[in-house]
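What follows is one structure encoded as structure tokens, with my remarks underneath.
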Amino acid sequence: MADVDNPRAAARSSAARPSEGAGAAAPGTGGESGHERIPISAAAERLDTTARMLRYRESLGLLPVTKEQPTGRGHRHRRFSEADLRTVAVGLELERAYGITPAALAFALRMLAEPTTLARVRSFGERLGRVTPPPVRAMDFEKQKALRLLQQRKEKERGRERGQGARSDQDRGRPEGP
């Protein structure tokens with residue numbers, strides 16, 4: 001079935017591009033790039049999801065940060081710009097394409113943002129055998145080689161010191177002169 005015949009598919013595709021004329025606001029009215037911001041219910045409809053799922057995604061950090069001031073009695077009612085809708089649409093597409101939950105996408109973003117988390121997950125993947133260890137760099141090889149040579153040199157010096165100590169003991173036991 002073509003997208004033209006499917007209203008839900010048409011709504012999804014309209015979220016990925018700016019609306020033509022319908023959402024345009026007069027310049028200087030607070031809209032982003034001349035477009036007004038729409039409430040969460042209208043955004044959910046355009047994205048083919050629910051307002052509750054958008055709020056859940058917001059709690060996970062999957063929605064763009066809003067710079068709006070609280071309205072009414074101190075409550076902030078989330079409103080979406082066209083750029084916000086495009087960003088959320090990309091996240092939804094990633095979830096669909098890879099068959100992952102919003103929580104999994106949020107964790108993937110956390111791994112990218114936190115090197116220690118990435119290192120721990122990589123280590124776990126290596127233990128499972130699902131992730132190959134990173135290739136050894138040439139400098140690491142040279143460093144390991146230098147450390148081995150230093151260790152061998154120290155062991156030789158210790159052996160010489162032990163050997164010299166034994167000779168001096170022998171020298172002490174000899175009578176002096178002929």
Side-chain angles (χ1 to χ4, degrees), residues 1-140:
M1 179 182 283
D3 284 350
V4 177
D5 298 332
N6 184 346
R8 286 184 172 256
R12 271 196 307 269
S13 64
S14 70
R17 65 178 184 274
S19 61
E20 293 98 20
T29 59
E32 184 174 299
S33 303
H35 297 294
E36 74 177 42
R37 298 171 78 82
I38 62 174
I40 194 167
S41 56
E45 188 175 317
R46 294 237 339 245
L47 293 165
D48 195 29
T49 188
T50 63
R52 185 174 182 173
M53 282 306 292
L54 286 177
R55 287 187 196 98
Y56 173 63
R57 283 180 169 82
E58 183 175 30
S59 73
L60 293 173
L62 295 177
L63 297 188
V65 178
T66 182
K67 297 175 183 108
E68 294 177 340
Q69 295 298 318
T71 59
R73 297 181 182 206
H75 297 291
R76 180 179 54 92
H77 296 283
R78 177 74 190 234
R79 299 182 70 80
F80 293 81
S81 68
E82 289 298 322
D84 293 341
L85 292 175
R86 287 189 299 270
T87 301
V88 175
V90 169
L92 290 168
E93 180 56 33
L94 284 170
E95 292 169 16
R96 288 180 187 123
Y98 292 103
I100 60 174
T101 64
L105 182 58
F107 185 70
L109 289 172
R110 179 179 171 198
M111 282 194 338
L112 293 172
E114 299 174 6
T116 55
T117 304
L118 177 61
R120 290 181 68 191
V121 172
R122 174 176 282 286
S123 174
F124 177 65
E126 289 171 3
R127 286 175 164 227
L128 288 174
R130 294 194 55 190
V131 176
T132 57
V136 177
R137 298 185 319 224
M139 291 302 292
D140 290 342

- prompt: For Leu60 and Leu109, what are the C-alpha separation, side-chain angles and deciding distance, and is it a side-chain contact (heavy atoms from CB on, under 4.5 Å)?
  reply: CA-CA 10 Å; Leu60 293 173; Leu109 289 172; over 6 Å; no
message: Determine whether Leu92 and Arg57 satisfy the following criterion, side-chain contact (heavy atoms from CB on, under 4.5 Å), listing intermediate values before the conclusion.
response: CA-CA 10 Å; Leu92 290 168; Arg57 283 180 169 82; 3.1 Å; yes
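A donor-acceptor pair under 3.5 Å is formed between the side chain of Ser59 and the backbone N or O of Tyr56. Of the possible donor and acceptor atoms, one in the side chain of Thr87 sits under 3.5 Å from a partner among the backbone N and O of Ala83.
The shortest side-chain heavy-atom distance between Leu47 and Leu85 falls under the 4.5 Å cut-off. Within the 4.5 Å cutoff, the side chain of Phe107 has heavy atoms near those of the Thr117 side chain. The shortest distance between side-chain heavy atoms of Val131 and Val121 does not fall below 4.5 Å.
Between the CZ atom of Arg55 and the OG1 atom of Thr50 there is a distance of 8.5 Å, given to the nearest 0.5 Å. Within the model, atoms CG of Leu94 and CG of Leu62 stand 10.0 Å from one another, a figure rounded to the nearest 0.5 Å. Note that OG1 of Thr49 is 8.5 Å distant from CD of Glu95, once rounded to the nearest 0.5 Å.
Pairing each heavy atom of Arg37 with each of Arg79, the nearest pair is O-NH2, 3.0 Å. Ala51 approaches Ala44 most closely through the heavy-atom pair N-CB, 3.4 Å. Smallest separation of non-hydrogen atoms from Pro102 and Met53: CG-CE, 4.1 Å. The shortest non-hydrogen separation linking Thr132 to Arg122 is O-NH1, 3.6 Å. Smallest separation of non-hydrogen atoms from Ala43 and Phe80: CB-CD1, 3.5 Å. Nearest heavy-atom pair across Arg78 and Pro64 is NH2-O, 2.7 Å.
Note on Glu114 versus Arg120: no salt bridge recorded, every NZ/NE/NH1/NH2 to OD/OE distance being 4.0 Å or above.
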